[in-house]
Amino acid sequence: MSPEAPAAPRSLAEALRARDDASLAALLRSRPDLITPVPTDLTQLATRAGTRASVLRAVERLDRFALQTAEALAVAPDPASYGTLLGLMAGDAGDETVAAALPRAVATLREQALAWGDDDRLRLVRTARELLAPSAQHPSPTGLGPTVQEATSGMSPGRIQEIVTAAGLPSTHDAVSAVAALTALFTDRRKMGKLLAGAPEASLDVLSRLVWGPPYGQVTPDPAAHLRWLLDRGLLLPTAPGTVVLPREVALHLREGRAHRAPEPLPPAVEPAAAYGPQVVDATAAGQAYTALATVEELLKDWHEGGPAVLRAGGLSVRDLKRTAVALDVSEPVAAFWVELAYAAGLLASDGEADERYAATPSYDEWLEQPPAERWGRLAQAWLAATRTPGVIGGRDAKDRTLSALGPGLDRSAAPEVRHRVLTLLAGLPAGAAPAAESVLARLAWERPLRGPRREGEDDLRTRLARWTLSEAELLGVTGRGALSAHGRALLGASPAATAGPDGAEPSGPGDKLPVHHHRPAAPAGSLSPAEQAVATAAAARLLAPLLPEPLDHVLLQADLTAVAPGPLRRPLADVLGVLADVESKGGATVYRFTPGSVRRALDAGRTAADLHAFLTEHSRTPVPQPLAYLIDDVARKHGHLRVGAASAYVRCDDDALLGEILADKRATALRLRRLAPTVLATQCDPATLLEGLRAMGYAPAAESAEGDVLVSRSHAHRTPPRTAPEPVPEGPPPPDATLLTAAIRAIRAGDLAATAPRKSSGDPPAGGELPRTGSAETLATVQAAVLTGESLWIGYVNAEGSASQRVIAPIRVEGGFVTAYDHTADEVRTYPLHRITGVAELAED
């Protein structure tokens with residue numbers, strides 16, 4: 001490399017060529033679409049960076065001030081000096097805050113390859129200029145209109161001369177010089193002030209209405225005198241019949257040089273709305289985390305023997321979602337969140353049977369065996385990375401179909417980034433501080449202004465995702481009372497002692513030292529790799545574990561046939577008690593009620609009265625109340641006294657008086673029973689219906705097998721085949737890792753070396769980018785000579801797939817129709833068939 005200072009770049013490719021590897025890696029990391037696939041050289045990289053789709057994606061990731069800077073460059077002369085840009089951003093009076101923030105914004109545009117050139121010749125990439133420059137079809141956010149030169153492009157030379165004369169300028173010999181003179185007048189602050197000093201008051205009022213945009217207005221064929229005064233002097237120029245526009249130069253004079261009415265160099269601070277003690281926040285969040293675990297368990301226990309059917313189009317029906325909400329005692333949107341969270345964590349899926357239903361997966365059984373904190377960590381990690389968005393359930397898709405829980409169409413690829421960003425903003429506040437939701441939304445809108453609302457009064461997706469994140473984080477126990485908990489902070493990989501900046505701002509990610517007025521574009525799924533996220537989740541689980549309530553091995557039995565569990569119960573105790581009693585109320589303490597039906601359920605499951613008495617005595621801190629003991633004994637005495645089998649169905653009993661009582665009962669009419677023998681009744685209904693009917697009448701019949709044995713009915717746990725959790729749908733190409741970046745940059749550099757290496761002239765040189773063309777004899781002779789001299793060659797090569805490329809090689813030997821050479825492009829020794837080399841050219845000595 002020459003020790004002399006490099007010349008100013010003449011193109012984006014040259015500007016990229018002057019970058020070091022770290023700068024190129026930063027560009028490719030923030031715009032991963034540029035290496036999908038890897039470009040062959042820097043010229044191709046620059047071309048790809050200028051395509052409309054790539055530029056639009058990059059512009060959408062700019063913060064508000066960087067976007068305002070790009071918009072100012074789009075209305076500035078091309079190229080523009082840094083001083084011109086500063087004038088457009090800070091105005092004639094100047095603004096210290098804007099001046100301090102502008103270097104960072106310009107650096108961002110350069111880093112993103114949206115702008116290039118030195119400070120005296122700043123250029124916006126052509127595609128970005130076309131996107132952001134004002135036009136009649138696409139007004140600029142600056143509110144500026146076309147320049148005088150653009151507005152007068154279709155005007156007759158005579159009319160232009162009339163305007164020049166009316167403005168007090170000497171006439172010129174041609175339209176070009178006349179437009180230049182008019183432009184010079186409008187950009188001269190002193191002369192423009194003198195011209196407008198003589199304007200009628202009504203004319204100035206018209207200009208004041210157009211100055212901040214939109215710059216277009218309507219006029220009649222015979223305009224009023226104050227409008228005629230403006231039209232005669234070119235302060236308003238016609239663009240179409242009946243339409244006039246305020247020229248850009250005039251608007252900038254009236255704005256005192258500012259391209260934007262209100263530049264926003266600093267992000268809005270995230271304001272705390274309330275402050276709590278960190279211990280209070282952590283304890284509240286831990287309580288929510290425990291509730292989250294209990295809710296997911298209850299959901300899957302409700303679907304233990306097979307859950308709701310899968311709709312033909314996929315997903316859960318509205319009726320089944322309502323039924324699930326009632327079972328969980330939550331609203332339908334919250335029920336949808338828990339269902340989707342269990343699905344994202346791989347705990348439930350469809351079973352794939354002919355009569356397809358949802359059920360727990362084998363992973364659910366493994367999850368149940370983990371410690372509570374680790375189970376929470378799995379849920380939290382799945383939530384943080386999931387692109388499926390429960391908040392859109394109930395809405396309509398592009399084909400006007402209702403979006404259902406567990407159905408298709410719920411993926412929103414921006415969700416992981418928004419979740420991570422919202423939690424990072426919360427992590428920037430002091431411990432225990434809960435932010436005002438609107439300040440969080442305002443900050444996100446500053447960071448991604450182009451993803452804002454498209455219609456008046458309508459929140460954009462990013463805002464809705466942020467609102468859902470705040471509520472879901474509270475449900476899951478990541479936050480407590482709106483403030484980020486210690487284990488929530490650890491989930492982000494942040495230090496528990498992290499503190500906010502002076503304005504409440506925070507680093508954009510771990511190790512980020514950027515000033516608070518700059519927001520680095522974040523990776524779609526946050527700033528942690530999967531391995532780092534797993535470590536962070538484990539750390540969060542360790543912090544949460546001591547805060548979760550210890551499971552209890554006892555309950556408090558009461559004389560009103562209830563049992564109170566003063567906290568979470570150990571799983572064996574909870575499982576047995578869930579069969580023996582019905583849950584009456586939930587909360588800090590769960591109340592269970594014993595009923596004849598619940599006791600019969602335990603007896604049906606194979607328990608005896610003695611088993612139940614022993615179980616209650618062992619696990620109750622209070623004596624077993626006499627009413628409960630009587631209830632168990634009474635149900636047990638009747639249990640199995642009646643036997644139901646298949647006739648279609650029959651009832652048999654050794655006590656013929658009891659059968660007579662059943663026959664005489666009017667409630668048994670629907671069962672259509674008839675006596676076959678003194679101890680046997682028969683019916684045409686099935687055994688299950690007969691069992692339910694007799695139980696409804698207050699009896700406790702037992703089912704029996706064909707051999708006459710009592711059938712023990714235990715719940716059958718239905719499980720799906722092994723299923724993997726749904727994969728998140730990324731927003732565009734995934735960010736490249738360090739290994740891919742290193743390999744890609746090396747390949748691009750090597751390809752650029754091959755494309756730009758100076759070559760000795762021999763006859764007509766190939767056009768730029770064209771492969772060399774030489775005959776087979778000349779190719780062989782040149783390669784053999786290079787082996788002897790040790791020189792490098794530039795070759796054109798076509799591989800077996802027909803893909804052409806150019807390379808710089810140093811031939812080592814030639815034999816058997818193959819040349820073995822060190823390939824500078826691939827940075828390794830390779831062998832090439834001579835018949836696939838389209839041509840060679842010697843490199844210049846320098």
Side-chain angles (χ1 to χ4, degrees), residues 301-302 304-306 355 357 561-563 575-583 592-617 624-718:
K301 189 181 295 183
D302 188 49
H304 193 61
E305 299 183 43
D355 182 19
R357 310 185 75 82
L561 298 180
T562 60
D575 290 343
V576 174
L577 196 59
V579 175
L580 178 58
D582 298 323
V583 176
Y592 294 86
R593 177 163 294 280
F594 299 94
T595 65
S598 68
V599 174
R600 187 190 65 245
R601 188 170 61 229
L603 296 173
D604 286 344
R607 299 271 179 169
T608 65
D611 293 337
L612 298 181
H613 284 300
F615 171 79
L616 294 174
T617 302
V624 178
Q626 197 174 51
L628 178 56
Y630 286 168
L631 174 65
I632 294 173
D633 291 339
D634 186 46
V635 174
R637 187 166 48 252
K638 296 178 182 178
H639 187 265
H641 196 46
L642 294 177
R643 300 291 184 89
V644 174
S648 287
Y650 63 85
V651 183
R652 71 180 179 86
C653 180
D654 295 335
D655 185 355
D656 57 348
L658 179 58
L659 294 183
E661 179 184 328
I662 293 174
L663 280 173
D665 196 321
K666 293 182 179 180
R667 292 175 295 175
T669 304
L671 299 177
R672 293 180 293 176
L673 294 166
R674 60 191 177 88
R675 192 187 293 269
L676 296 183
T679 59
V680 180
L681 299 179
T683 180
Q684 294 181 357
C685 63
D686 59 89
T689 303
L690 182 55
L691 277 169
E692 291 300 320
L694 292 175
R695 285 170 180 171
M697 294 168 62
Y699 299 99
E704 71 177 16
S705 66
E707 291 77 21
D709 299 324
V710 174
L711 291 175
V712 176
S713 59
R714 294 186 176 90
S715 60
H716 171 64
H718 181 61

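Starting from 1, each residue takes its place in the sequence as its number. Please read all numbers here as calculations on a predicted model, not as lab measurements.
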At what distance, to the nearest 0.5 angstrom, does [atom1] of [X] lie from [atom2] of [Y]?
X	Y	atom1	atom2	result
Arg637	Tyr630	CZ	OH	10.5 Å
Asp582	Phe594	CG	CZ	10.0 Å
Leu671	Glu692	CG	CD	11.0 Å
Asp634	Leu631	CG	CG	7.0 Å

Would you confirm whether [X], through its side chain, and [Y], through its main-chain N or O, come within 3.5 Å as a donor-acceptor pair?
X	Y	answer
Thr562	Tyr592	no
Asp611	Thr608	yes
Arg607	Ala602	no
Arg675	Pro678	yes

Q) So do Thr595 and Leu561 actually touch side chain to side chain, heavy atoms under 4.5 Å? A) no

Q. Is any side-chain heavy atom of Val583 closer than 4.5 Å to a side-chain heavy atom of Arg593?
A. no

Q) For the side chain to side chain contact (heavy atoms under 4.5 Å, CB included) test, which of Leu690, Leu673, Leu676 pairs with Leu681? A) Leu673

Minimum heavy-atom separation for [X] to [Y], with atom names?
X	Y	result
Leu658	Cys653	CD2-SG, 3.9 Å
Ala609	Leu603	N-CD2, 4.1 Å
Arg695	Asp604	NH2-OD2, 2.9 Å

Q: Report the residues that fulfil side chain to side chain donor-acceptor pair (under 3.5 Å) with Asp633, sequence neighbours left out, ordered by chain and then residue number.
A: His613

Q: Could you list all the salt bridge (charged side-chain N to carboxylate O under 4.0 Å, His left out) pairs where at least one residue sits in residues 656-671, not counting sequence neighbours?
A: Asp665-Arg667

Q: Please step through side chain to side chain contact (heavy atoms under 4.5 Å, CB included) for the pair Tyr650 and Thr683, ending with a clear verdict.
A: CA-CA 6 Å; Tyr650 63 85; Thr683 180; over 6 Å; no

